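Keep in mind that what you see is a predicted model, and the values were worked out from it rather than measured.
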Amino acid sequence: MTAAEVDAWGERCEAFVRQRMAGDPAHDLAHVRRVVAWAGRLAEAEGARLGVVVPAAWLHDVVTVAKDSPDRKRASRIAADEAARWLRAEGFPEADLPAVAHAVEAHSFSAGIEPQTVEAEVVQDADRLDALGAIGLARMYAMSAVFGSGIVHPDDPVPSEPPARALDDKRWATDHLFVKLLKLPATMRTEAGRAEAERRAAFLRDFLRQLATEVA
């Protein structure tokens, strides 16, 4: 696929995704755009095919399933099916549809699907980067407000590593840093993605040290 064709498909995907956004503050159009931007950078570093990476990145959250839904672990599979259906109807190259669908399906942390292609690795890493750093922190607390979670546990606001109590990120937002976010760098598939993930995780640890001084 030529660069011009990739750009054209990107524009078409963006227009479609814009219509499908469900108002989730952590999975809005801005999130998708950031994932697309990082997927492009990682694809260049890894030699991945942009004709697969770009539409997969645009469409990775084309179906949003609430985090407290029983279908949450199937969300990426549902999104992959919808992405493939729409792309096929739009005339996307049939030969590339399975690769795009796989990249969409494998991006999800909760699905636990191993990426089988470099394109899927790139999209997975790009999505996970947006859960780290300052933007990841902002997204985490935005979602905690949606679910009515408290900011910190009243008796143990910043858990030790390993934690001395059972973590509950559904009740206490900051617990989510220990339940998931600080574990993400170890799951990164690409060298560039891992380096950026470590940099962003370092910011989160700095934040926790500052938080500990304010809530003690």
Side-chain angles (χ1 to χ4, degrees), residues 1-24 26-66 69 71-131 135 184 187-197:
M1 191 178 293
T2 67
E5 289 172 328
V6 171
D7 289 344
W9 276 109
E11 291 174 2
R12 292 168 73 176
C13 288
E14 180 178 9
F16 179 57
V17 170
R18 188 188 296 273
Q19 298 171 3
R20 301 295 297 267
M21 289 289 98
D24 181 334
H27 299 86
D28 56 5
L29 187 61
H31 161 69
V32 177
R33 284 174 172 162
R34 290 189 300 269
V35 172
V36 171
W38 264 102
R41 296 180 202 176
L42 297 179
E44 183 177 355
E46 298 293 321
R49 291 182 294 158
L50 285 172
V52 171
V53 167
V54 169
W58 273 114
L59 299 171
H60 77 280
D61 280 338
V62 71
V63 175
T64 302
V65 177
S69 167
D71 285 332
R72 178 61 187 172
K73 289 187 177 181
R74 296 182 58 247
S76 64
R77 187 181 302 275
I78 297 169
D81 290 345
E82 177 63 12
R85 182 202 65 76
W86 179 77
L87 287 170
R88 182 175 286 114
E90 292 293 307
F92 189 81
E94 188 72 28
D96 289 335
L97 278 175
V100 173
H102 172 63
V104 172
E105 185 178 19
H107 89 272
S108 168
F109 183 88
S110 57
I113 297 170
E114 289 286 319
Q116 302 299 314
T117 66
V118 65
E119 290 78 20
E121 290 179 340
V122 161
V123 174
Q124 186 183 92
D125 276 11
D127 183 60
R128 292 182 184 188
L129 283 177
D130 209 52
I135 192 64
L184 290 179
T187 74
M188 303 301 281
R189 305 282 178 164
T190 66
E191 185 176 347
R194 188 175 304 108
E196 178 64 15

Inset, instruction - Could you list the residues that satisfy salt bridge (Lys or Arg N to Asp or Glu O under 4.0 Å) with E119, not counting sequence neighbours? - result: R49

Inset, instruction - List for me each residue that meets side-chain hydrogen bond (donor to acceptor under 3.5 Å, both in side chains) alongside E105, sequence neighbours excluded, and say none if there are none. - result: R77

Output side-chain donor-acceptor pairs under 3.5 Å for residues 29-41, partner residues at least two apart or in another chain, one line each.
unit_1: H31; atom_1: ND1; unit_2: D130; atom_2: OD2; d: 2.6
unit_1: H31; atom_1: NE2; unit_2: H60; atom_2: NE2; d: 3.2
unit_1: H31; atom_1: NE2; unit_2: D61; atom_2: OD2; d: 3.2
unit_1: H31; atom_1: NE2; unit_2: D127; atom_2: OD1; d: 3.3
unit_1: R33; atom_1: NE; unit_2: E14; atom_2: OE2; d: 3.1
unit_1: R33; atom_1: NH2; unit_2: E14; atom_2: OE2; d: 2.7
unit_1: R34; atom_1: NE; unit_2: D130; atom_2: OD1; d: 2.7
unit_1: R34; atom_1: NE; unit_2: D130; atom_2: OD2; d: 3.3
unit_1: R34; atom_1: NH2; unit_2: D130; atom_2: OD2; d: 3.0

Legend entry - A106 backbone acceptor or donor facing Q124 side chain under 3.5 Å: yes

Inset, instruction - To the nearest 0.5 angstrom, please state how far the CG atom of L42 sits from the CD atom of E191. - result: 11.0 Å

Inset, instruction - Could you list the residues that satisfy salt bridge (Lys or Arg N to Asp or Glu O under 4.0 Å) with E46, not counting sequence neighbours? - result: none

Legend entry - Gap separating the CG atom of L184 from the CZ atom of R194, nearest 0.5 angstrom: 13.0 Å

Inset, instruction - Not counting sequence neighbours, which residues clear side-chain contact (heavy atoms from CB on, under 4.5 Å) with E90? List them please. - result: W9, R12, W86

Legend entry - Contacts of type side-chain contact (heavy atoms from CB on, under 4.5 Å), residue A197, not counting sequence neighbours: L129, L132, P185, M188

Legend entry - For T190, all residues meeting side-chain hydrogen bond (donor to acceptor under 3.5 Å, both in side chains), sequence neighbours excluded: D125

Inset, instruction - Report the C-alpha separation of T117 and V52 in whole Å, then their side-chain angles, then the decisive distance to 0.1 Å, and conclude whether the side-chain contact (heavy atoms from CB on, under 4.5 Å) test is met. - result: CA-CA 10 Å; T117 66; V52 171; 6.0 Å; no

Legend entry - Sequence-distant partners of Q19, side-chain contact (heavy atoms from CB on, under 4.5 Å), two or more places apart: F16

Inset, instruction - Can you measure from SG (C13) to CZ (R18) and round to the nearest 0.5 angstrom? - result: 13.0 Å

Inset, instruction - Determine the minimum heavy-atom distance between G51 and F92, stating which atoms define it. - result: O-CZ, 3.5 Å

Inset, instruction - Identify the heavy atoms of S76 and I113 that sit nearest to each other, and give their distance. - result: OG-CD1, 4.4 Å

Inset, instruction - Under the side-chain hydrogen bond (donor to acceptor under 3.5 Å, both in side chains) rule, collect the residues that match up with E5, sequence neighbours excluded. - result: T2

Inset, instruction - State whether the side chain of H107 and the backbone N or O of V104 hold a donor-acceptor pair below 3.5 Å, judged by distance alone. - result: yes

Inset, instruction - Please lay out, stage by stage, how R189 and E114 fare under the test salt bridge (charged side-chain N to carboxylate O under 4.0 Å, His left out). - result: CA-CA 10 Å; R189 305 282 178 164; E114 289 286 319; 3.0 Å; yes

Inset, instruction - Mind checking side-chain contact (heavy atoms from CB on, under 4.5 Å) for A43 and listing every partner two or more places apart, or none if nothing turns up? - result: A48, L50, V53, V122

